[in-house]
Number of protein chains: 2
Amino acid sequence: MRKKIGRIRDVARESGVSIATVSRVMNSNSNVKPETRQRVLEATKRLDYVPNPAARALTTKRTQTIAAIIPTIENSVFAKFVAAIEQAMSKQNYSLVLSVSNADDALELAAAEKLLAMGAEGFILSGRDHGDILINLLRRRQIPFAFTSVFDPTSDVATIGYDNSALAASAIRYLAEKGHSEIVVVHGPLVESDRTVARKVGAISAGHLLNRLGFVETNLSVAGGKTAVLEVLAIQPRATAILCFSDVLALGVYFGLGDAGLHVPKDVSVMGFDNLDWSKEITPALTTINLPARQMGTAVAEQLMRTLEDGTPLVSQELNGTIIERNSVRIIPRQK
Amino acid sequence: MRKKIGRIRDVARESGVSIATVSRVMNSNSNVKPETRQRVLEATKRLDYVPNPAARALTTKRTQTIAAIIPTIENSVFAKFVAAIEQAMSKQNYSLVLSVSNADDALELAAAEKLLAMGAEGFILSGRDHGDILINLLRRRQIPFAFTSVFDPTSDVATIGYDNSALAASAIRYLAEKGHSEIVVVHGPLVESDRTVARKVGAISAGHLLNRLGFVETNLSVAGGKTAVLEVLAIQPRATAILCFSDVLALGVYFGLGDAGLHVPKDVSVMGFDNLDWSKEITPALTTINLPARQMGTAVAEQLMRTLEDGTPLVSQELNGTIIERNSVRIIPRQK
DNA sequence: CTGTTAGCGCTTTCAC
DNA sequence: GTGAAAGCGCTAACAG
């Protein structure tokens, strides 16, 4: 269905050289006499020639394409991450092919097969848990791949991200230091995200600093955060702080709390995760954990491209999340 | 750098047939005796064979890849749009390659060249205004492409989207009907978006219904909306309604108004554009215009795939935006 | 510095 | 129903 545009031999004829020379010019490598190059370039312009990517890929066995499969692109920190990957790849003339898995192993596998069949040479996966079939498929085909949004030095697959468990523990610790001893964590579906599970584990590990630590699972959306408030109030009416494993949830919690007539942080403190860009604009500004999404995108992209270029093995890389202290957490005076 | 995985001839040898038969099986078309097919399929499994996409593309001249270039993926309605495109394409075994232009013609052109060099067979562009070079490039190469987020029956390029001007006019009309006669519009950078320009034109066209209509340009972000409030208050302190050309801006306006001690909608009414998912959760729920982003994504994807399959020409398609009436607009009693 | 030539792995007539 | 063979457009030795 596509048109027949100029081929390399047309350019060769037009400029009076062989196709090999045209190829050399197109790949701006080998030695070509400047004036010959010039002539070829002109013919190229004139014929509006662009090398056929399929033919090129067929001979070079390279497609310069890397795939990323993310759980969702909507409403989250993934957009930032993807934008960074895209940018880093563009610089080195690589392309990103994106697919969304909805946190479903089967969909993820299907997506991966499609991407593979498109010629993806490397894969960026989110989180640490993936179907065995997928992992084996990638391994058998010797496709380099990395897990992101997690850092786990013990993993045999390179993980590029942060320590979710430690981050959640530090959030609890932070809250405890501010005098909160009854906290409820609001989080998205555990089955959909090993990062959420890791965070929960981390929170529990710091639970001894508290008198009481509760968990409320909800949909990972503003609406989910909002409805979670009701549950929080029901199960732990005396909680003084709500820790949300995502800023999106925190936004919903703000709304829910507002509707319940509760003031942040006077009545209830709120802390988030992600540091989405509106978090510093809301009143009170949200205390949250900044996740280095951009940096992470750049890091995976660069590692993967490197690996594809010269075989450098992928290595795990820890990126630090940091607590951004703002005004949504109240200091509760010690009341011994 | 890539490994040598099983090729078609390996499968042929393994299953004792010719490569032509293997090809037939892989393309599940022509007649192949069931048991032969079976044998081939088994060999395929055993050797973990997947047809080489480059070789296939080289002979068929098809890549089953469509490119989309969007201004930004962060913080907006584009995420929804892209998700829908992705989904629609997946169903028909097409792949999406995405690039971000930051609303810059030069970047857009560069992105397009890269995507073309990757083998994109069709293009999804955002808005109506694009560099001539890009458009000519696409035309010369006879690549089908469509403009989205706009509907303009007079355009010679297919436009798939909504009538931004009419939508903005209807928003002003709606507000006027509720008794508002002094309105300020808060919008993103005009130079970056022909949609924004079209909306402004539409708003102005309905301006005769008002006593006063002002415009404040700001960054297209929550922060931008928030700071715009100060300007609104400065230039038109008596405005009773703020119309935001994006919900993201409206969120910022809510925050800014709150900080200024102004209540929505008692003191100032607010209306948005986009119907992002949190808009119904915020208090008061935001009256906004729903833009059919998903539907639009599905529509372009399907038209483009159709065109690529059988040459059906692309046609403009209008999708309707609708006012979602909620609680952020107060009714001002006629006070003649 | 430039040309010749041999494939890359697949699809697709055309025979049988 | 199946096989043989001719490319698809390009890159990469290898000569010269």
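Just so we're on the same page: letters track the sequence lines, and every chain starts at 1.
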Evaluate side chain to side chain donor-acceptor pair (under 3.5 Å) for B:Gln303 paired with B:Gln317, printing each intermediate quantity in order.
CA-CA 10 Å; B:Gln303 273 213 47; B:Gln317 197 173 336; 2.8 Å; yes
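Side-chain N/O atoms of B:Arg24 and base N/O atoms of D:dG3 include a donor-acceptor pair closer than 3.5 Å.
Atom-to-atom, CZ of B:Arg9 to P of C:dG7 comes out at 10 Å; the value is rounded to the nearest Å. Distance, A:Asn27 CG to D:dC10 P: 11 Å, rounded to whole Å. The nearest whole Å value for the distance from the CZ atom in A:Arg39 to the C1' atom in C:dC1 is 12 Å. One interatomic measurement links the two molecules: CG of B:Asn52 to P of D:dC8, which rounds to 18 Å at whole-angstrom precision. To the nearest angstrom, C1' of C:dT2 lies 13 Å from CD1 of A:Ile8. Look at NZ on B:Lys61: it is 18 Å from P on C:dG9, rounded to the nearest Å. Protein atom CD1 of B:Ile19 is 9 Å distant from nucleotide atom P of D:dA4, rounded to whole Å. To the nearest angstrom, P of C:dG9 lies 5 Å from CZ of B:Arg7.
Nearest approach of B:Pro144 to B:Leu314, heavy atoms of both residues: CB-CD2, 3.9 Å.
Toward the 5′ end of DNA chain D lies the nearest nucleotide of B:Leu58, the other residue of the pair B:Leu58 and A:Ala20 mapping further downstream. Mapping B:Thr59 and B:Thr36 onto DNA chain D by nearest heavy atom places B:Thr36 closer to the 5' end of the strand.
Across all strands shown, A:Val22 has no heavy atoms under 4.0 Å from either base or sugar-phosphate atoms. Residue B:Thr21 is classed as a sugar-phosphate contact, given heavy-atom separations below 4.0 Å to backbone atoms only.
An angle of 30°, rounded to 10°, separates the two end axes of the helix from C:dC1-D:dG16 to C:dC16-D:dG1, each defined over five pairs.
The side chain of A:Val32 approaches C:dT2 more closely than any other nucleotide in the set C:dG9, C:dC10, C:dT2. Comparing atom distances between the A:Thr60 side chain and each of D:dA12, C:dT11, C:dC10 picks out D:dA12 as nearest.
Considering only heavy atoms from C-beta on, A:Ile160 stays 4.5 Å or farther from A:Val150 through its side chain. Here the side chains of A:Val11 and A:Val25 are not in contact, with every heavy-atom distance at 4.5 Å or above.
Between A:Arg46 and A:Asp10, no side-chain nitrogen of the basic residue sits less than 4.0 Å from a carboxylate oxygen of the acidic one, so the salt-bridge criterion is not met. Under 4.0 Å is where a charged nitrogen must lie from a carboxylate oxygen, and between A:Asp129 and A:Arg195 no such pair does.
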Under 3.5 Å, which donor-acceptor pairs link side chains of residues 81-93 of chain B to any protein atom two or more places apart or in another chain?
from    : atom 1 : to       : atom 2 : distance (Å)
B:Glu86 : OE2    : A:Ser99  : OG     : 3.0
B:Ser90 : OG     : A:Lys114 : NZ     : 3.1
B:Ser90 : OG     : B:Glu86  : O      : 3.4

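When the side-chain nitrogen and oxygen atoms of A:Ser23 are compared with OP1 and OP2 of D:dT11, one or more of them lie within a distance under 4.0 Å.
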